[in-house]
Amino acid sequence: MCRFQGSLDLLEFNPNYNPQSGRSLTREEAFVLGWLLFNQQGRNYADIMRECRLSLRQVDAAIQGLIDIEMLVTR
């Protein structure tokens, strides 16, 4: 399970993210990041899983991966 335990609405793109310091995104991370950027409010796991066609485990892993590379931060 993901170490992130907050609301999906608390996640936002890190404006200070340096793409030169990171790694390539996985397919799941790209889907999740796009979904989070497009849906700024009222986010929930059921919607992200359905719209990205990912399992809960895949969504959790993608969120944690994006937090680990500091592309996502919490408000």
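Evaluation of the side-chain hydrogen bond (donor to acceptor under 3.5 Å, both in side chains) rule for T74 yields no partner, not counting sequence neighbours. Remark: E12 engages R75 in a salt bridge (charged side-chain N to carboxylate O under 4.0 Å, His left out) (not counting sequence neighbours). Qualifying side-chain contact (heavy atoms from CB on, under 4.5 Å) partners for N44, counting only residues two or more places apart in sequence or in other chains: A46, D47.
Clustering ILVMFWY residues whenever any of their side-chain heavy atoms sit less than 4.5 angstrom apart, transitively, puts I69 in a cluster other than the one holding L10.
One distance of note links CG of L11 with CG of L66; it measures 9.0 Å at 0.5 Å rounding. A distance of 10.0 Å separates CG of N18 from CE of M71, quoted to the nearest 0.5 Å.
The nearest pair of heavy atoms linking D9 to G42 is OD1-N, 3.2 Å.
Side chains of F31 and L25 form no contact here, defined as non-hydrogen atoms less than 4.5 Å apart. Using a 4.5 Å cut-off on side-chain heavy atoms (C-beta onward), V73 and F13 make no contact.
For the residue pair Q64/D68, the side-chain donor-acceptor check at 3.5 Å is satisfied.
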Verify side chain to side chain contact (heavy atoms under 4.5 Å, CB included) between L72 and N14, making sure each step is shown before the conclusion.
CA-CA 5 Å; L72 287 180; N14 179 3; over 6 Å; no
Hey, mind stepping through L54 and M49 against side chain to side chain contact (heavy atoms under 4.5 Å, CB included) and telling me if it holds?
CA-CA 5 Å; L54 299 172; M49 288 167 43; 5.5 Å; no
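Heavy-atom neighbours of R50 CZ from other residues, nucleotides or ligands within 6.0 Å: above the threshold of 12.
Within the structure, side-chain hydrogen bond (donor to acceptor under 3.5 Å, both in side chains) contacts touching residues 30-43 (residues at least two apart or in different chains) are W35-E51. The salt bridge (Lys or Arg N to Asp or Glu O under 4.0 Å) pairs that include a residue from residues 27-39 are R23-E29, where partners are two or more places apart or lie in different chains.
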